[in-house]
Amino acid sequence: MLRRLISGDTPRSTVLSIVLLVILIALAFAPFLFPGTRSVDTAARVCIFIALVASYDLMLGYGGIVSFAHTMFFGMGAYGVALASIHMGRGFDALLVGSVAGALAAAALAFVIGLFSLRVRAIFFAMITLAVASAVAVLVSQLSSITGGEDGLNYKIPRALTSAHKFMDDKLFGVRINGKLANYYLVFFGSLILFLILLRIVNSPFGRVLQAIRENDFRAEAIGYRAVYYRTSATCISATVAALAGSLYAIWLRYVGPDTTLSFEIMIDILLMVVIGGMGTLYGAVIGATIFVVAQNYLQNLMGIAEAALGDLPVIPLFLNPDRWLLWLGVLFVLSVYFFPTGVVGRLRRRV
Amino acid sequence: MSDTVLETRDLTVRFGGHVAVDHVTCTFATGELTAIVGPNGAGKTTYFNLISGQISASEGSVHLKGRDISGLPVPERVDLGIGRAFQLTNLFPNLTVLENVRLVIQSKRKKGFNLLTMAASHTELTEAAEAVLERTNLAAQRDQIVHELPHGTQRKLEVALLIALDPIVYMFDEPTAGMSVDEAPVVLDLIEELKADTSRTILLVEHKMDVIGTLADRIIVLHNGALAADGPPAEVIASDVVQEAYMGRALEDA
């Protein structure tokens, strides 16, 4: 049963199994284990980025396709929910319509980009995605009457998903059983399902073909696989999942803007998460997203504590000032690439 | 052995000013094993590339069972029954031997777009792949990663992939090149076995004249991209033009 659920793709390393299990439990019970707005918010982001990074890895790690348009697809799902909620009024129907419309639009756009540019060399596809993604980002910030421009959009989501809605008066284990909790579990299970679907796809016959094409597209064609069809399909699937992750993000945040979904910084974050976790294994997405999002949110705190503790020493506190957190994130990244060139998962799985 | 399965008409390709294959018109009958010989650079591999579709012709056409396939991309020609093993080993280096063969079986059975089942649950594909490994004497290397294998074994896997594909037209491009003395016979026996199946047509580029003499039904000679001789092995090998111009040295070697 469990094997079927994870599509027979076992972690193949005791340490990795334990780490994954800890992350799963931590996320599943996050509102109870780490109560507090900020920690639950971080947990929700971790969930969403796991799905998002896993969908990117389907392209990069399994298909060998470099794309810079992943945040665009992410944003399409998010804006879909936002626009539907504004124009249809708050309601679950708006969330559903927005998510489906965003996913379909993302898949359609991915199909067009893929069919036009995946026939030729990979670098061309990467450049096309960069161009299209930049164009879309500019459009979104300029068409402020529709998209809210740089300010983004605020909208209302169903009451049952907000903290104003209480399911019971008493607290359970010290946690209010309200709409916000329901919203977290929507995000958690939504991301989990997306992840499990991706896990199945990479372990399906289709996933094997993708790997074959990544390894040697010339030979893959010579045994009868049309590489462009497979690459385009992988891009469409990846775009669809990214859009759905974007919809979850929009539902969680109740806000969309260019900075939260479309920015190039997020694109780079996704790339870093894939590389840190390990390309070509979806468990890498779990590890990469967890490390990165938690570091992004808590490195500053950690540094603040360290600065206070070492306040009496000369010079050192300067480096530990919370404002320098990006520097340390950079150091963390360089170190992880240096010590784990195949990612954390690749390292843990290495055959002894 | 009369009906034509494959035909090239005035097949020509130019690279800049160089004519690599020069108006080659030739027919291949079902069940026939044709050896293609000629000195290095004669255009043998290029002729293969034109037939299997890796490069497209400047002039002329390729016909399979009467149908013009000149404009089709490689995978569609594979679907129609043209299969190819390569001269330079061309495999999936980071996958296992079994996985390499399984991918071919999976392609043959059109399971590639199966998205939501586990690849591992398709035991029929694994069994078919194992049967091919058994046949090609690779069963012992089943779970080894391809790039860790010795060169000769990789060559054997190259042939195994073509056998797994089981096309109508088998194209072998120097299948025994780089193989050890005890490995080459395994591959030649396989080709002999394929030859026994009269529904299959085999095209074989090979340098070893002793091999061709006994194996081939017919030999064609390419020289500077053009068809220089065509006929039964004994006749072609004995012909003056071949003896003097191209085969002299090869015969001495053999």
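- Around atom OH of Tyr229(A), no more than 12 heavy atoms belonging to other residues, nucleotides or ligands sit under 6.0 Å away.
- Using a 4.5 Å cut-off between heavy atoms, Glu76(B) touches chain A through backbone and side chain atoms alike.
- Counting heavy-atom neighbours within 6.0 Å of Tyr185(A) OH, excluding the residue itself, gives a total above 12.
- Summarising the geometry of Met118(B) relative to Ser7(A), their closest heavy-atom pair is SD-C, 3.0 Å, with the distance given to 0.1 Å.
- Pro93(B) pairs by the side chain to side chain contact (heavy atoms under 4.5 Å, CB included) definition with Glu215(A), His147(B), not counting sequence neighbours.
- Remark: Glu134(B) CD is loosely packed, at most 12 non-hydrogen atoms of other residues, nucleotides or ligands lying under 6.0 Å away.
- Near-neighbour residues of residues 218-226 of chain A relative to chain B, defined by a heavy atom under 4.5 Å from a heavy atom of that chain, comprise Phe218(A), Arg219(A), Ala220(A), Glu221(A), Ala222(A), Ile223(A), Gly224(A), Tyr225(A), Arg226(A).
- Listed options Arg102(B), Glu99(B), His122(B) were ranked by heavy-atom pairs under 4.5 angstrom with chain A; first place goes to Glu99(B).
- For Met279(A), the CE atom sits in a loose shell: 12 or fewer heavy atoms of surrounding residues, nucleotides or ligands are nearer than 6.0 Å.
- In this structure, chain A has no heavy atom under 4.5 Å from any part of Ser52(B).
- Both the backbone and the side chain of Arg4(A) come within contact range of chain B, with heavy atoms under 4.5 Å apart.
- Against chain A, the residues from residues 108-115 of chain B that qualify, each with a non-hydrogen atom under 4.5 angstrom away, are Lys111(B), Gly112(B), Phe113(B), Asn114(B), Leu115(B) in number order.
- Annotation: Phe116(A), atom CZ; neighbour count of heavy atoms from other residues, nucleotides and ligands within 6.0 Å does not exceed 12.
- Taking chain A as the reference chain and counting heavy-atom pairs below 4.5 Å, the highest number among Leu165(B), Leu116(B), Leu91(B) is found for Leu116(B).
- Of residues 77-85 of chain B, those residues with a non-hydrogen atom less than 4.5 Å from any non-hydrogen atom of chain A are, in numerical order, Val78(B), Asp79(B), Arg84(B).
- Heavy-atom distances place no part of Leu210(A) under 4.5 Å from chain B, backbone and side chain included.
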